[in-house]
There are 6 protein chains.
Amino acid sequence: MRPSGRELNEMRPVSIETGFTKHAEGSALIKIGDTHVLCTATIEDRVPPFIKGSGLGWVTAEYGMLPRATNTRMRRESTAGKQGGRTVEIQRLIGRSLRAGVDRVALGERQITVDCDVLQADGGTRCASITGGWVALRLAVNKLMKAGDVISDPLVDPVAAISCGIYAGQPVMDLDYPEDSEAGVDGNFIMTGSKQLIEVQMSAEGATFSRDQMNQLMDLAEKGVGELVAAQKAATA
Amino acid sequence: MRPSGRELNEMRPVSIETGFTKHAEGSALIKIGDTHVLCTATIEDRVPPFIKGSGLGWVTAEYGMLPRATNTRMRRESTAGKQGGRTVEIQRLIGRSLRAGVDRVALGERQITVDCDVLQADGGTRCASITGGWVALRLAVNKLMKAGDVISDPLVDPVAAISCGIYAGQPVMDLDYPEDSEAGVDGNFIMTGSKQLIEVQMSAEGATFSRDQMNQLMDLAEKGVGELVAAQKAATA
Amino acid sequence: MRPSGRELNEMRPVSIETGFTKHAEGSALIKIGDTHVLCTATIEDRVPPFIKGSGLGWVTAEYGMLPRATNTRMRRESTAGKQGGRTVEIQRLIGRSLRAGVDRVALGERQITVDCDVLQADGGTRCASITGGWVALRLAVNKLMKAGDVISDPLVDPVAAISCGIYAGQPVMDLDYPEDSEAGVDGNFIMTGSKQLIEVQMSAEGATFSRDQMNQLMDLAEKGVGELVAAQKAATA
Amino acid sequence: MRPSGRELNEMRPVSIETGFTKHAEGSALIKIGDTHVLCTATIEDRVPPFIKGSGLGWVTAEYGMLPRATNTRMRRESTAGKQGGRTVEIQRLIGRSLRAGVDRVALGERQITVDCDVLQADGGTRCASITGGWVALRLAVNKLMKAGDVISDPLVDPVAAISCGIYAGQPVMDLDYPEDSEAGVDGNFIMTGSKQLIEVQMSAEGATFSRDQMNQLMDLAEKGVGELVAAQKAATA
Amino acid sequence: MRPSGRELNEMRPVSIETGFTKHAEGSALIKIGDTHVLCTATIEDRVPPFIKGSGLGWVTAEYGMLPRATNTRMRRESTAGKQGGRTVEIQRLIGRSLRAGVDRVALGERQITVDCDVLQADGGTRCASITGGWVALRLAVNKLMKAGDVISDPLVDPVAAISCGIYAGQPVMDLDYPEDSEAGVDGNFIMTGSKQLIEVQMSAEGATFSRDQMNQLMDLAEKGVGELVAAQKAATA
Amino acid sequence: MRPSGRELNEMRPVSIETGFTKHAEGSALIKIGDTHVLCTATIEDRVPPFIKGSGLGWVTAEYGMLPRATNTRMRRESTAGKQGGRTVEIQRLIGRSLRAGVDRVALGERQITVDCDVLQADGGTRCASITGGWVALRLAVNKLMKAGDVISDPLVDPVAAISCGIYAGQPVMDLDYPEDSEAGVDGNFIMTGSKQLIEVQMSAEGATFSRDQMNQLMDLAEKGVGELVAAQKAATA
């Protein structure tokens with residue numbers, strides 16, 4: 001039995017509120033249960049030095065947590081003087097995952113920065129950031145297409161992410177914080193709408209897992225991503 | 001005429017939503033027009049070294065802005081490696097202002113940290129932070145009193161803040177961003193519910209002002225703080 | 001009674017020694033009682049990026065304290081890895097105040113940096129820095145005018161600053177360190193020679209003050225600035 | 001055809017030289033083709049604060065690259081002022097992977113730090129670090145057991161790592177740098193000697209992969225880890 | 001011919017003003033020609049961790065330059081975020097040199113920090129810092145002895161420093177900035193009053209020198225230190 | 001008697017293995033007894049801003065130590081956030097010393113960076129770095145000459161370094177760590193193959209030395225450098 005009473009393959013309630021802030025070219029507040037992430041997409045007419053002049057676009061991401069998004073207050077990273085290792089790891093994952101769903105030729109030589117800021121955390125913030133970040137990206141690209149700045153849609157297949165893991169010996173979908181902090185194995189699965197894989201990360205600390213268990217988690221992940229992609233489509237329709 | 005069409009002495013619409021996040025002992029999302037600040041109050045059973053063992057409490061504040069709270073994206077302070085001068089100045093002001101409204105003996109030897117994070121900015125974020133931060137502080141202290149950890153109310157008189165300035169040669173209340181960026185004189189007025197002064201800051205860049213103008217701004221500020229204190233009371237009733 | 005035996009409206013002895021160092025385009029050692037600040041002005045033929053090509057000049061300031069300027073040794077900010085919040089706040093104030101007395105069109109597209117380094121501190125270092133910094137600035141501008149690089153004098157009205165506060169329940173002028181550390185209300189008043197206001201900061205920590213008290217401090221400040229401007233004029237005659 | 005002429009499932013030559021430096025409790029220079037990593041294990045009689053008094057041991061890792069380990073010289077991280085995101089990600093992975101093979105009760109309350117410094121890089125440095133780091137760890141633990149400080153062997157099953165990916169449309173084992181920089185999909189597989197999974201990371205940048213391809217990479221990885229564990233055993237026999 | 005018209009073995013005018021600032025236990029403003037350094041000595045009842053409980057004292061030094069001590073303004077090290085390599089090298093030299101003249105048993109378990117801040121630079125600032133720093137140290141120790149905190153004088157033999165070098169092919173004493181910036185060989189010689197050597201540093205950039213030249217510089221240095229020690233004695237008599 | 005049983009004027013065994021890593025234009029692993037330093041030379045077609053366009057070349061150096069190069073593990077400088085004072089001092093010395101042996105006109109407008117990374121330390125790492133760094137530099141320049149990029153040899157006279165000091169009252173050559181940590185006087189002598197002096201540093205902490213002792217150390221250093229230059233020549237023949 002899961003602490004929340006959910007079925008093994010049941011996701012928390014999902015809501016996506018677009019246009020949550022007014023300045024960004026795209027913005028969305030995604031809620032996966034009690035995990036709330038504000039995602040904004042910013043378009044800029046410049047690209048990183050290493051692709052300047054290539055005609056290719058770039059998508060990158062940054063991630064942050066408000067100090068009291070968590071149960072006990074965390075030190076603000078700006079006062080610590082740097083982003084922590086966990087933060088850097090997460091934002092590199094978000095950027096890499098979103099780029100996998102982008103046709104950078106069609107995007108043209110511009111950069112879109114997706115900021116994912118966790119207002120409230122209850123497990124699965126990196127996956128919520130990818131799923132919500134894609135919505136912000138979608139809205140920003142829509143604006144480019146409407147303005148005629150981009151002709152062919154660079155976002156052909158949506159990108160979404162779900163965490164699955166082994167909790168109390170059972171494979172479960174969409175771990176919340178009480179599950180996550182006890183799980184023997186924790187995995188993040190990033191896929192496209194057509195279930196192609198973008199990134200798979202499975203990790204056991206102080207334990208191991210079998211190839212069979214890995215396959216059970218993959219099955220759960222495919223189901224979960226299907227539901228998330230449906231929610232993305234509904235929000236951006 | 002003001003860009004927004006408001007009267008010279010008219011504030012923007014004010015809303016205060018308490019309990020916006022669940023982990024903090026007190027939380028409020030304050031909206032002053034298009035300026036939106038999420039304020040949380042965290043109680044900890046420790047105080048800074050310089051008052052350890054004194055029996056006195058402490059209230060401090062931190063301030064941040066999401067990268068795309070503004071019209072163009074700002075660099076994240078955690079990647080810049082430090083808080084900027086403006087941020088430090090603002091959070092010191094918030095902490096000092098809130099402390100002026102706290103009976104530190106009644107609070108007892110514990111610390112309350114008020115985090116003010118700007119989700120969307122349109123001028124007056126430091127004043128909104130003080131006004132909203134006081135609400136979060138009020139809610140956290142209510143929790144302490146309800147639990148019997150604090151007997152006598154340490155928050156005897158509310159604290160609120162309003163910006164007033166000289167725009168297009170006229171004294172105006174509650175400057176929004178288009179006014180703020182053009183104002184010749186810009187002032188922040190922090191007061192108690194009974195109109196006692198806590199902090200007054202008036203500043204002219206590339207210009208000066210007379211003592212008469214100073215008094216006109218003081219009159220506007222007293223009116224504005226009255227309205228904000230009423231909103232605080234309604235939200236925490 | 002004040003610890004120093006001064007009258008309520010009596011300033012400490014003021015001396016301004018110009019040309020204290022030889023490399024800077026303008027330099028002055030200002031002594032307000034036991035507070036000693038070395039101010040230098042450096043002219044450079046470049047301006048910050050945001051006004052490049054505008055034809056406007058810029059004046060900025062930096063502030064520092066020698067480690068043993070104070071009663072107990074302070075850590076050197078260069079070994080701490082950054083300027084503290086108080087330092088940043090003060091140097092922003094100095095720069096803003098001096099700029100308010102400068103006709104940036106007349107100055108032409110060049111930058112003057114005023115460095116204020118406290119050799120010995122006894123309260124009121126930020127006000128001494130502004131008053132002494134204006135002298136260094138005056139001398140540097142004189143050099144530009146003598147060389148014919150600037151035609152019309154960009155410094156039409158001098159800038160000076162004084163601290164006033166409520167000490168032992170009484171409004172007093174020019175607080176020294178023993179007063180400053182006990183004062184209930186502390187204010188900094190920056191004005192021009194013609195008593196126009198540039199910046200007013202009044203702050204109460206753990207207390208409040210009335211609008212009447214505010215007016216009494218304003219009266220003291222006007223008297224004090226008058227005396228400081230006279231000293232500036234004598235030094236640069 | 002692979003640039004090196006290797007078979008799709010063929011690893012580069014592996015050599016492990018133990019005792020390469022004299023001060024560390026365990027040390028090994030591992031060479032996987034032209035990738036050379038110096039691994040040392042340091043035993044300390046202290047543990048991180050969060051497990052103090054628990055009786056449990058801790059294993060952690062740090063990773064670095066000499067500036068000219070690579071084809072073009074990289075900036076030294078000590079002059080950059082911090083470890084880069086890639087470095088932090090890698091050393092967290094190494095630490096997590098090694099801990100999964102350690103019985104922390106048997107180790108007792110002490111910490112072993114495994115330093116992995118890349119002297120020469122040609123792809124696969126993180127996997128070589130894990131494989132070589134385990135050897136250094138094994139040697140350090142042997143010393144503890146010989147001295148009677150540890151009774152029951154805390155390293156029951158060896159840990160090794162191999163990278164596999166899709167290169168030119170084909171699944172290949174042990175990517176060298178020319179392959180790695182062109183690969184569409186890149187995976188790191190960390191397993192125990194008995195083929196239990198510790199961590200699986202598969203990542204596609206600007207592309208996707210199918211579940212079938214994932215299974216082909218898993219098959220290759222199982223073969224590779226088997227060969228690496230044999231090399232570890234030979235080196236520490 | 002030297003730019004200043006001095007003889008090859010002639011020092012610049014030396015003046016040492018003690019008590020230049022009032023808070024420090026010892027202070028002196030040393031002027032060697034146009035090189036002016038403010039030296040203060042601070043006594044603290046604590047020692048670095050590595051000698052805690054040993055009964056031995058410690059003397060350390062820090063060095064800084066005001067931004068406009070030099071001909072063109074230098075960036076403030078506090079805004080650069082760290083002390084530069086040259087600064088660190090100099091302050092380590094000052095500390096080491098002064099310690100060589102201190103009987104650390106006689107000093108007792110306390111620390112004296114000597115701060116050397118260059119107000120105006122014209123070559124030879126590190127040597128002036130050592131010579132002036134010793135005066136500040138002497139005054140602080142006098143205070144300890146007068147108070148009976150130290151019985152036997154820990155400063156048995158004074159410490160002074162002089163720079164000598166090869167300028168225009170000739171060995172010269174006490175290089176000023178125009179000479180220093182052109183010198184082929186530059187040396188710093190730190191000695192006691194009885195001409196025992198504490199530190200010798202000779203350095204040629206883009207050139208070399210012979211053992212004969214080295215001996216000529218040594219001869220000059222012995223003469224110079226003699227004159228400086230006389231000035232120290234006169235100032236502290 | 002020396003701890004190692006060596007004669008007073010006897011160096012430890014010296015070995016220099018060239019080509020230790022494959023990417024660098026020049027590389028050498030130098031072993032002076034148990035002190036092992038990996039030196040690499042990197043050629044780049046750019047020079048520092050201050051000599052751009054001058055036609056002159058530049059040689060610079062960086063120095064590092066692996067965390068467990070020493071008897072107890074040291075903190076990695078990249079995690080400390082900066083290079084320590086000792087590191088900066090050493091790498092400045094290495095760069096200055098190597099430049100003294102380079103004809104910068106003959107080198108032409110390019111930069112060679114010599115990285116010296118200590119794999120194992122037992123005293124004398126800075127001297128080993130200079131001696132080994134020169135070998136890496138020699139190999140890199142040979143490559144430039146072979147390619148016809150440089151016509152006239154810019155390295156006319158080799159550069160080597162040896163430490164000598166007063167140990168147990170006796171002048172000894174090539175101090176190892178047990179001697180170095182007990183030595184009253186410690187000196188580093190950098191010379192050319194023809195015994196011209198480049199840099200001499202002699203330092204006594206908590207003691208002094210006479211001019212006679214200085215001359216004895218100079219004699220030892222001349223002998224030692226002769227032997228090191230012979231080893232350099234053998235390695236690069």
Side-chain angles (χ1 to χ4, degrees), chain C residues 19-29 31 33-46 60-84 86-88 91 111-122 136 140 177, chain E residues 19-29 31 33-46 60-84 86-88 91 111-122 136 140 177:
Chain C
F20 188 76
T21 63
K22 71 166 189 175
H23 295 301
E25 281 72 39
S27 80
L29 178 66
K31 298 184 179 177
D34 278 341
T35 289
H36 302 176
V37 185
L38 173 52
C39 306
T40 61
T42 296
I43 304 172
E44 289 168 302
D45 275 331
R46 55 181 190 85
T60 187
E62 293 194 4
Y63 171 92
M65 259 201 187
L66 296 195
R68 195 57 200 280
T70 44
N71 196 42
T72 53
R73 187 177 183 275
M74 297 179 311
R75 190 178 177 191
R76 207 172 272 270
E77 289 189 321
S78 57
T79 66
K82 61 171 180 178
Q83 295 184 307
R86 183 186 165 276
T87 296
V88 171
Q91 70 191 11
Q111 171 167 293
I112 304 184
T113 301
V114 176
D115 284 289
C116 301
D117 285 274
V118 180
L119 304 188
Q120 188 175 280
D122 188 36
Y177 181 75
Chain E
F20 188 75
T21 64
K22 72 166 188 176
H23 295 302
E25 283 70 40
S27 80
L29 177 64
K31 299 185 179 175
D34 278 340
T35 289
H36 302 176
V37 185
L38 174 51
C39 306
T40 62
T42 297
I43 304 172
E44 289 168 302
D45 275 331
R46 55 180 189 83
T60 187
E62 293 194 6
Y63 171 92
M65 259 201 187
L66 296 195
R68 196 56 199 282
T70 43
N71 195 44
T72 54
R73 187 177 183 275
M74 297 178 312
R75 190 178 178 190
R76 207 172 272 270
E77 289 190 321
S78 57
T79 67
K82 61 172 180 176
Q83 296 185 307
R86 182 186 165 276
T87 296
V88 171
Q91 71 192 10
Q111 172 168 294
I112 304 184
T113 301
V114 176
D115 284 290
C116 301
D117 285 273
V118 180
L119 304 187
Q120 188 175 281
D122 187 37
Y177 182 74

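Residue numbering restarts at 1 for every chain, and letters A, B, ... go by the order of the sequence lines. These figures come from a predicted structure and were not determined experimentally.
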With a 4.5 angstrom heavy-atom cut-off, which part of [X] approaches chain E: side chain, backbone, both or neither?
X	result
Thr21(C)	both
Gln91(C)	neither
Asp117(C)	side chain

Check whether Gln120(C) reaches the backbone of His23(E) with its side chain - one donor and one acceptor, N or O, closer than 3.5 Å.
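Checked: no pair found.
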Under the rule for side-chain contact (heavy atoms from CB on, under 4.5 Å), what residues qualify as partners of Glu77(E), not counting sequence neighbours?
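Ser78(C), Gln83(E), Thr87(E).
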Check the pair Glu62(E), Arg73(C) against side chain to side chain contact (heavy atoms under 4.5 Å, CB included), reporting the backbone distance first and the verdict last.
CA-CA 12 Å; Glu62(E) 293 194 6; Arg73(C) 187 177 183 275; 3.2 Å; yes
Crowded around Tyr177(C) OH? As in, over 12 foreign heavy atoms under 6.0 Å?
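Counting neighbours around OH of Tyr177(C), 12 or fewer heavy atoms of other residues, nucleotides or ligands fall under 6.0 Å, so no.
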Under a 4.5 Å heavy-atom cutoff, which of [options] has the most pairs with chain E?
options	result
Thr72(C), Val88(C), Asp34(C), Leu38(C)	Asp34(C)
Gly64(C), Ala24(C), Ala80(C)	Ala24(C)
Asp115(C), Thr113(C), Asp122(C)	Asp115(C)

Heavy-atom distances under 4.5 Å only: say whether Thr40(E) touches chain C with side chain, backbone, both or neither.
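For Thr40(E), the side chain is the part near chain C, not the backbone.
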Gap between atom NZ of Lys22(C) and atom CG of Leu119(E) - 0.5 Å precision:
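Interatomic distance, Leu119(E) CG to Lys22(C) NZ, rounded to 0.5 Å: 14.0 Å.
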